[in-house]
Amino acid sequence: MFWQKEIETLEMKSLRELQLGRLKKTLAQAGKSPFYSRLFQQNRISPEKIKSLEDAKNLPFTTKEDLRKEFPYGFLTVSREEIVRVHSSSGTTGRATAVFHTQGDLNGWANLVARCMYMTGVRRGDVFQNMVGYGLFTGGLGFQYGAERLGALTIPSGSGNSKRQISLMRDFETTVIHIIPSYALHLRKVFDEVGLNPRKDTKLRIAFIGAEPHSEATRQRIEEMYGIQAFNSYGLSEMNGPGVAFECPQKMGMHFWEDDFLVEVIDPRTEEILPDGQEGELVFTTLNREAMPLIRYRSKDLATIFPEPCPCGRTHRRISRIKGRSDDMFILKGVNIFPLQIDTTLMNIPEVGTNYRVILEREKENFQDRMIVQVEVRPEYFQGDLWQLEKLRKQITEALKSELLVTPKVELVEPDTLPKSEGKAVRVLDHREM
Ligand code: ADP
Ligand code: ZN
């Protein structure tokens with residue numbers, strides 16, 4: 001059941017003591033970097049004075065902007081000879097940042113990913129196909145080393161080349177995959193194209209899906225399409241990458257590893273710490289990192305902590321599905337909208353196919369904003385009569401309207417007509433001039 005039973009089931013009190021000890025070490029280590037030594041001086045912080053986890057709540061935050069300003073070495077606490085790997089964020093939302101690792105850091109990270117995989121039931125003898133981008137994206141190497149640590153045969157297939165992915169799955173009898181959810185939906189169509197059914201023609205039993213926000217309805221579709229168990233996997237480059245939080249077989253939130261990360265939830269506007277159960281921005285402090293410890297790093301990811309003990313026996317708390325980044329949210333006619341709301345609504349409608357996109361426009365004549373939602377629908381709808389298509393269009397419009405409180409213009413399109421991405425899906429295009 002457990003990869004490291006003692007640590008995974010450590011009672012809360014001991015877990016908090018462990019965190020405090022590691023936090024003190026982390027602060028001392030962080031003080032060796034140019035950035036934190038300056039920050040501590042300016043704010044008159046002496047790490048030795050931190051006596052409880054409570055004291056840590058007054059430490060200043062670290063932001064992505066700080067990482068950008070200090071690029072590349074301003075956060076480094078060890079000499080250049082001691083670092084063996086750099087990962088750079090894919091820069092979805094701006095200039096790149098760099099995170100460095102010592103060999104010790106990489107070992108710790110691989111162990112965390114192995115712990116996550118083991119938790120879902122992966123064992124030696126499993127064949128693991130890692131269908132995400134390698135290179136600077138952390139999902140590739142992060143899972144590679146984790147799976148090897150666990151002892152699974154690991155196929156570093158990388159992203160894309162769908163037909164080859166399918167033949168690798170069949171040749172090596174893949175049982176476990178790591179795949180970006182939007183790509184999993186797409187790949188199912190490629191199975192159809194080559195006349196195969198993953199439920200019958202593969203040995204797949206488990207998928208890890210993550211790297212982008214996705215709804216419960218999307219997970220259920222993936223499970224249904226492939227006849228597998230799909231587990232949500234969350235991580236970010238600044239906290240290594242994958243292995244930060246992961247679902248256990250209960251699938252009721254993702255356990256975050258409290259022996260490795262101190263996690264808080266704050267109100268993104270007031271920066272006030274929120275109690276468990278309230279939704280806010282996740283803030284992380286590394287507890288075991290050598291080369292580049294980060295203190296109270298603001299992730300911009302929105303989630304809720306579930307404090308209730310999990311039936312699986314792990315004491316480490318859980319977070320909800322990630323609702324999106326605080327900067328993913330867009331405002332249309334004064335209404336705040338998260339892409340996840342659109343995903344949930346669409347994926348719950350069986351007639352909807354596997355891809356969609358959202359375009360935001362400002363009308364030239366009257367400066368009114370509007371949202372166009374282009375939705376791929378199942379092929380049979382384009383063979384039926386127009387009346388049926390129109391009925392479906394109205395149904396989707398109504399469903400979106402009742403969820404979002406604004407009325408989108410819905411366009412139905414044939415399967416495979418919208419652009420697809422091999423990495424994280426880009427589904428909202430904001431063409432409004434600000
Ligand atoms: P970038 O910031 O350039 O996209 P990362 O690879 O570090 O590069 O991306 C991490 C981000 O991806 C997270 O902060 C989060 O917004 C998103 N993410 C990762 N895993 C999940 C997940 N399971 N659900 C929702 N969002 C996720
Ligand atoms: Zn659990």
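Positions are given from 1, in the same order as the sequence printed here. As the structure is a prediction and not an experimental result, all values here were calculated from the model. Ligands are counted one by one from 1 in listed order, and the atoms in each one are counted from 1 as well.
- Close contacts between ligand 1 and Gly210 involve ligand atoms 23 (N) [criterion: under 4.0 Å to a heavy atom].
- Rounding to 10 degrees, one finds that the Zn ion (ligand 2) sits at the corner of an angle of 110° between Cys310 SG and Cys248 SG.
- With hydrogens and angles ignored, the 3.5 Å screen pairs a side-chain donor or acceptor of Glu212 with a backbone N or O of Ala425.
- Taking a cut-off of under 4.0 Å to the non-hydrogen atoms of Gly235, the atoms of ligand 1 that pass are 10 (C), 13 (C), 19 (C), 20 (N).
- Cation-pi contact between Arg318 and Phe306: absent, since separation from the ring centre below 6.0 Å together with deviation from the ring axis within 45° is not met.
- With His214, Glu212, Arg325, Lys424 as candidates, the residue nearest to atom 12 (O) of ligand 1 on a non-hydrogen basis is Lys424.
- Between Lys300 and ligand 1 there is no heavy-atom distance shorter than 4.0 Å.
- In terms of polar-atom proximity, defined here as any N/O pair under 3.5 Å, Phe137 makes no such contact with ligand 1.
- Atoms of ligand 1 lying under 4.0 Å from at least one heavy atom of Leu236, given by number and element, are 7 (O), 10 (C), 14 (O).
- Residue-level proximity to ligand 1 for Asp301 is carried by the side chain, the only part with a heavy atom below 4.0 angstrom.
- In this structure, Arg199 is not positioned above the aromatic face of Tyr226 in the sense of NZ or CZ being under 6.0 Å from the six-membered ring centre and within 45° of the axis.
- Of the N and O atoms on the side chains of Gln165 and Ser157, at least one donor lies less than 3.5 Å from an acceptor on the other residue.
- No close placement of the Phe330 and Phe338 rings is indicated, their centers lying 6.0 Å or farther apart.
- Under a 4.0 Å criterion applied to the non-hydrogen atoms of Asn232, ligand 1 contributes the atoms 22 (C), 23 (N).
- The angle Cys312:SG - the Zn ion (ligand 2) - His255:NE2 amounts to 100°, with values rounded to 10 degrees.
- If you look at Glu247 next to ligand 1, there are no close heavy atoms at all, none under 4.0 Å.
- Taking the charged nitrogens against the carboxylate oxygens, Arg296 and Glu264 do have a contact shorter than 4.0 Å, which makes a salt bridge.
- Figure legend: cation-pi geometry between Lys420 and Tyr183 absent, as NZ or CZ is not positioned both under 6.0 Å from the six-membered ring centre and within 45° of its axis.
- Aromatic ring centroids of Phe284 and Phe256 lie 6.0 Å or more apart.
- For ligand 1, the atoms sitting less than 4.0 Å from at least one non-hydrogen atom of Lys64 are 2 (O), numbered in the order shown with element in parentheses.
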So Lys300 and Asp328, salt bridge (Lys or Arg N to Asp or Glu O under 4.0 Å) or not? Walk me through it.
CA-CA 9 Å; Lys300 300 219 168 142; Asp328 271 353; over 6 Å; no
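- For the residues Ser237, Ser88, Gly139, the heavy atom positioned nearest atom 5 (P) of ligand 1 is part of Ser237.
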